[in-house]
Asks: 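One structure follows; several queries about it will come next.
Reminder, nothing fancy here: chain letters follow the sequence lines and each chain counts from 1. None of these values were measured; they are calculated from a predicted model.
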Amino acid sequence: MYENLSNYKNLSFSTYNKMAYCKIQKIPGGTQADDKWWENLESKSKGKKWDTMRHNGVLFPEPYKPLPKNVKIKYDKKPVSLDSTDTDNPLHITAEEAAVFFAMKIDQDIRTEKPENKKAINDKIFCKNFWSDWKKILGKDHIIKDFKLVDFTPIRDYIVKRAAKKIEEKKAMTPEEKAELKEQKAATTELYGYAVIDGVRLGMSAGIQPPGIYMSHADSPLRGRIKKRIQPSDITLNVSKKYVPECKINGKPCKWGEIVEKKDVSWIASYGNPLDSKNTNYIYLKREGSHWVCMDDKVKFEKARNLGKNISKVRKGYTQDLDSKASNTRQLATAVYLLDELAIRPGTEKDEKTESDTLGLTTLKCGNLKFERGGSVTFDFTGKSGVPFKKTVKVVESVYKNLKSLCTGKKDSEQVFPDINAISLNGYLKNFLSELTAKVFRTYKAGSILQNELDNCVPKSTDEVHEKKLSFNKANIKVAQALNHKNLAAGDKKVDKVNKKIEELKEKKKAAKTPKQKASAQKSIDVQEGKLEEASENISMNTSKVNYIDSRIIVAWCKKYDMPIEKIYNKNLLKKFVWAMDTVSTWRF
DNA sequence: CCCCCGACTTGGCGCTACGCGA
DNA sequence: TCGCGTAGCGCCAAGTCGGGGG
């Protein structure tokens, strides 16, 4: 598996990088990264990211395979055949294919809502949006006129059965067949899984989004709309002009939409979002293998650290403004106080016609605030991706007074901060610290909480690895709580499950005959109990680990207490944070 | 000058490979 | 060896924010 962290002690950033990446970078057209390559990387003139970029283009999804002729939807209880070959419409999808998409969603829950009443088929907007797109594919003379009379269950039942059969077939495969399948996959990865940047091969994921139905994470007014099938002519490739790859779809030659050579960006290909071509989708290097992401991460954490160094100055600044005579300034200062205190996202403005009405700091409405006795305020709103945010905090007197006056005489649906937005908030923050933006507060919060928790967490040298891991998790949970990262799908079942397991393990411990068995049972109990808090609040630690926690804090702690870092970071995270591995044990956020 | 959108980060969750206990 | 549960990986949705362009 992974070598122990101690092997990497005192390696420089570039040396470690080379160890991680260069061993595997032998491909036609790509040489191994040498010192010069890494030096160039750091010294590239501003805005320029690469000199040569080479890749084999993008990978299109499989074409649609028609259903057997006897599998049909029912319209008004009678079987109806749908066209399965004509894709001559703006979505490039056959009428039957669209029906298959819908049939596979009818039992699915709309995310964020209670499952019992929120099957997609019962969601009026979901159905209305699908119907309006499907109607266009069917054409206006089609016999299907009333969506309510369409029964998709025959297709659903067929697809479910087919999927089950496929699993059985896979199980029944001989080792040789399995090996061949694996080889095929590897061959595709070999061809489409890498880009060569300035002569160095790096992982990319070349897959174009397949067509389907747009499933919003929250309550987007566009949920249920059909996402079109992307055509080669929709694709813009970013590639060195002398290395433009051949365009092929299902083995047939085709033509790329556009070829560009934009050296100031890191994307490899782009195309209009399949739902709404005003937005752009991108193909990038894999996050964990991208040297650009590595370097940007480092910059991001340094910004957060800089906020930490200057936090008293920043606090002093906005505290003064809390009592400013100008209403605008008071609003800004109050918002920054909340940013600092609660690490809420800034809340950029949204288009209510096409986007969910999830909220952030500057878009909060008076109905989201409740003024409690004793100077506390409860914040209750739905945030990014439909995650509920509900916290009660005691605020300083000026903030309480400001918030109260901002909400007095206003309807619940009116904005708490009518005169500010994310842009003006960021502009205001620049007064205190250049390069400071609202989201930096979240990164700063994550770093400072983890550093604090780990400072107070001093494992005994006799502790086993799993005990150290538990201590670490406790600290990580604190961070995830602060950032309100949750896993809603698990519901309440998770806690019950953990509790049940603990009971079982206790029984097992009682029944244990040898001290060794007893100890092993206790270890399992510890692990489960460690999960209890996480489960009870549906906390998800992953997002903070991937995006918010400065890996240097973790590396330093691991070195200090001889904790193998691979117990905290998986393979990909080890790669993503490769730049931090030479951090010394005394390093602090 | 301002606003829209380009480019990138951040987010939850479904799927699957894999490891563990029976 | 087999079935089962789970971590983790990849997918794609949903944010942030600065600067290009009208």
Asks: On the ring face of A/Tyr194, is A/Arg201 found with NZ or CZ under 6.0 Å from the centre and within 45° of the axis?
Replies: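 Pair A/Arg201/A/Tyr194 counts as cation-pi.
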Asks: Ignoring hydrogens and angles, are the base of B/dT9 and the side chain of A/Lys300 linked by a donor-acceptor pair under 3.5 Å?
Replies: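 Donor-acceptor pair under 3.5 Å: no.
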Asks: Looking at B/dG11, I'd like to know if its phosphate oxygens (OP1 or OP2) sit under 4.0 Å from a side-chain N or O belonging to A/Ser540.
Replies: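 It does not, given that no N or O in the side chain of A/Ser540 lies less than 4.0 Å from OP1 or OP2 of B/dG11.
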Asks: Should the ring pair A/Phe60 and A/Trp256 be called parallel, tilted or perpendicular, given that the plane angle runs from 0 to 90° and is split at 30 and 60?
Replies: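 A/Phe60 and A/Trp256: parallel rings.
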Asks: For DNA chain B, which residues of residues 266-279 of chain A approach it to below 4.0 angstrom with any heavy atom?
Replies: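 When residues 266-279 of chain A is checked for heavy atoms under 4.0 Å from DNA chain B, the hits, listed by number, are A/Ser266, A/Trp267, A/Lys278.
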Asks: Find every protein N or O atom lying less than 3.5 Å from an N or O atom of nucleotides 15-17 of chain B, and list the pairs.
Replies:
none

Asks: Using heavy atoms to find the nearest nucleotide of DNA chain B for A/Lys486 and A/Ile423 separately, return the residue whose nucleotide is more 5′.
Replies: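 The residue whose closest nucleotide sits nearer the 5' end is A/Ile423.
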Asks: When you check the gap from the basic side-chain N to the acidic O, do A/Asp234 and A/Lys228 get nearer than 4.0 Å?
Replies: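 The answer is yes: the pair qualifies as a salt bridge.
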Asks: Does A/Tyr548 place a side-chain N or O at less than 4.0 Å from the phosphate oxygens OP1/OP2 of B/dG11?
Replies: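 For A/Tyr548, the contact criterion (side-chain N or O under 4.0 Å from OP1 or OP2 of B/dG11) is met.
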Asks: Between B/dG11 and A/Arg442, is there an OP1 or OP2 to side-chain N/O distance shorter than 4.0 Å?
Replies: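 Yes, because at least one side-chain N or O of A/Arg442 sits under 4.0 Å from OP1 or OP2 of B/dG11.
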Asks: Closer than 4.0 Å, any side-chain N/O of A/Arg345 to the OP1 or OP2 of B/dG11?
Replies: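 Yes, A/Arg345 has a side-chain N/O under 4.0 Å of OP1/OP2 on B/dG11.
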Asks: Can you tell me how far P of B/dT10 sits from CG of A/Asp297, to the nearest Å?
Replies: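 The distance from CG of A/Asp297 to P of B/dT10 comes to 7 Å, rounded to the nearest Å.
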Asks: Could you state the atom-to-atom distance from CE of A/Met215 to C1' of C/dA13 in whole Å?
Replies: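 That distance rounds to 12 Å.
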Asks: Is it true that a side-chain atom of A/Thr188 and a backbone atom of A/Gln184 form a donor plus acceptor pair closer than 3.5 Å?
Replies: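 Yes.
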